[in-house]
Protein chains: 2
Amino acid sequence: MPDADPPGWELPLLLFAGFRTLIDQLHAELAVRGHPDVRPVHGFAMQAVGIHGASASEIGRRLGVSKQAAGKTVDRLTAMGYVERVDDPRDARSKLIRLTPRGLESLRLSAEIFERLRAGWVEQLGADRVRLVESSLRTVIPAVGYPVDVPGWFG
Amino acid sequence: MPDADPPGWELPLLLFAGFRTLIDQLHAELAVRGHPDVRPVHGFAMQAVGIHGASASEIGRRLGVSKQAAGKTVDRLTAMGYVERVDDPRDARSKLIRLTPRGLESLRLSAEIFERLRAGWVEQLGADRVRLVESSLRTVIPAVGYPVDVPGWFG
DNA sequence: ACGGTTTGGACAACCACGTTGTCGATCCTA
DNA sequence: TAGGATCGACAACGTGGTTGTCCAAACCGT
């Protein structure tokens with residue numbers, strides 16, 4: 001006879017704890033490697049900027065937030081030196097947001113760290129179980145491309 | 001030869017998407033059942049209040065935030081009618097925060113909905129895989145009792 | 001080519017959630 | 001009983017959201 005199932009409310013807590021663990025470890029490592037001031041939301045925003053750059057409105061759409069909110073985040077990333085605003089030669093209304101070399105470096109670093117963190121899970125759980133967790137989650141979430149307006153969503 | 005592993009950055013995204021899916025479904029159902037104004041952060045806060053009530057400072061410690069932040073959240077929950085402040089008979093400095101019947105009802109409802117949501121995962125994945133996801137996450141997260149200062153943590 | 005509609009970005013006002021610092025009142029303890 | 005710790009309240013602030021307004025530029029149908 002199997003053990004009783006855990007209560008339903010534990011599942012979201014475990015998922016969040018897993019997410020938070022990874023993000024915290026990422027930023028601890030980023031801090032050591034010269035990026036102590038980036039916050040989780042900045043990483044998502046830079047991901048939305050992308051290698052080719054984007055307008056503030058487009059970034060807002062990718063993040064699932066208003067263009068005004070995206071503009072504010074871009075302001076802060078600009079002040080931190082991770083992105084820059086340049087005039088869009090093809091649209092006089094628009095400013096193109098581009099990652100600076102520092103921004104690109106932080107993205108490259110993040111990808112590398114995430115790879116190592118996943119490898120750590122594989123060490124603890126085995127490759128099969130990690131893949132199983134990933135595929136299970138993929139089948140159970142309705143669609144990819146989730147909005148990442150976490151602070152506003154949660155509170 | 002097995003398929004290539006997904007990139008490391010996908011794992012946190014999947015965990016977050018799973019968490020968000022559950023929380024969104026919970027609140028959609030709570031809204032239908034008479035609690036349209038509760039936000040995720042309120043649920044966590046009421047959980048911290050607990051059945052026996054607690055002081056604002058204690059709630060802050062349980063949530064991993066300052067007593068001032070906890071006090072503000074209690075203010076909003078009070079205005080919404082989910083908790084009430086009463087004088088603590090054993091400590092004239094302290095106010096005891098207690099769940100109102102409405103607050104208790106929302107907690108009871110949430111537990112019931114989480115149970116059904118987990119059952120939905122079991123339908124899609126099978127009981128074994130859901131248990132495997134849960135146990136995998138338990139082994140990989142450093143400890144239970146995570147702070148839930150999500151908005152401030154993320155941004 | 002023109003005129004109406006859509007779009008981009010700036011600005012303002014506002015809200016929610018977090019922080020630190022201060023303060024008086026109360027409690028605990030040496 | 002004196003001193004230190006803790007409670008709640010208040011203030012000021014930072015950050016991440018929202019809506020609404022505005023102008024200029026782009027787009028599109030006639």
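In what follows, chains are A, B, ... by sequence order, proteins preceding strands, each numbered from 1.
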### Query
Distance from Glu115(A) atom CD to Ser110(A) atom OG, nearest 0.5 Å?
12.0 Å
### Between CG on residue Leu22(A) and CZ on residue Phe16(B), distance to nearest 0.5 Å
13.5 Å
### Message
If the condition is salt bridge (Lys or Arg N to Asp or Glu O under 4.0 Å), which residues does Asp75(B) pass it with, not counting sequence neighbours?
### Response
Arg85(B)
### Message
Just to be sure I understand the geometry, which residues of residues 28-40 of chain B put a non-hydrogen atom under 4.0 Å away from DNA chain D?
### Response
none
### Task
Taking only the side-chain nitrogens and oxygens of Thr73(B), find out if one of them lies under 4.0 Å from OP1 or OP2 of dG18(C).
yes
### Message
Can you tell me if His42(A) touches the phosphate of dG16(D), counting only side-chain N or O atoms and a distance under 4.0 Å to OP1 or OP2?
### Response
yes
### Message
Side chains of Arg93(B) and Ser55(B): any donor to acceptor distance under 3.5 Å?
### Response
no
### Task
Apply the test side-chain contact (heavy atoms from CB on, under 4.5 Å) to residues Val150(A) and Phe44(A): give CA-CA distance (whole Å), side-chain angles for both, the deciding distance (0.1 Å), then the verdict.
CA-CA 10 Å; Val150(A) 179; Phe44(A) 283 93; 5.9 Å; no
In whole angstrom, give the distance that lies between atom [atom1] of [X] and atom [atom2] of [N].
X: Ile59(A); N: dA10(C); atom1: CD1; atom2: P; result: 12 Å
X: Lys72(A); N: dA13(C); atom1: NZ; atom2: P; result: 12 Å
X: Asp149(A); N: dT19(D); atom1: CG; atom2: P; result: 11 Å
X: Asp87(A); N: dA26(D); atom1: CG; atom2: P; result: 12 Å
X: Met80(B); N: dC17(C); atom1: CE; atom2: P; result: 8 Å
X: Leu77(B); N: dC17(C); atom1: CG; atom2: C1'; result: 13 Å

#### Entry: Residue whose closest nucleotide on DNA chain D lies nearer the 5' end, Ala92(A) versus Ala70(A)
Ala70(A)
### Message
With side-chain contact (heavy atoms from CB on, under 4.5 Å) as the criterion, how do Leu137(A) and Phe19(B) come out once you've worked through the C-alpha distance, each side chain's angles and the decisive distance to 0.1 Å?
### Response
CA-CA 10 Å; Leu137(A) 288 171; Phe19(B) 173 66; over 6 Å; no
### Query
Do Leu30(B) and Met46(B) belong together in a cluster built from hydrophobic side chains that touch within less than 4.5 Å?
yes
### Task
Take nucleotides 4-9 of chain D nucleotide by nucleotide from the 5' end and write B, S or -, depending on whether a protein heavy atom sits under 4.0 Å from the base, only from the sugar-phosphate, or from neither.
--BBBB
### Query
side-chain contact (heavy atoms from CB on, under 4.5 Å) between Asp87(A) and Lys95(A): does it pass, once the steps are laid out?
CA-CA 5 Å; Asp87(A) 288 331; Lys95(A) 302 287 176 62; 3.2 Å; yes
### Electrostatic pair Arg108(A)-Glu105(A), nearest N-O below 4.0 angstrom
yes
### Task
Describe the nucleic acid contact of Gly71(A) in one word from base, sugar-phosphate, nothing, applying a heavy-atom distance below 4.0 Å.
nothing
### Message
Both Pro151(B) and Arg90(B) contact DNA chain C. Taking the nearest nucleotide for each, which residue is further toward the 5' end?
### Response
Pro151(B)
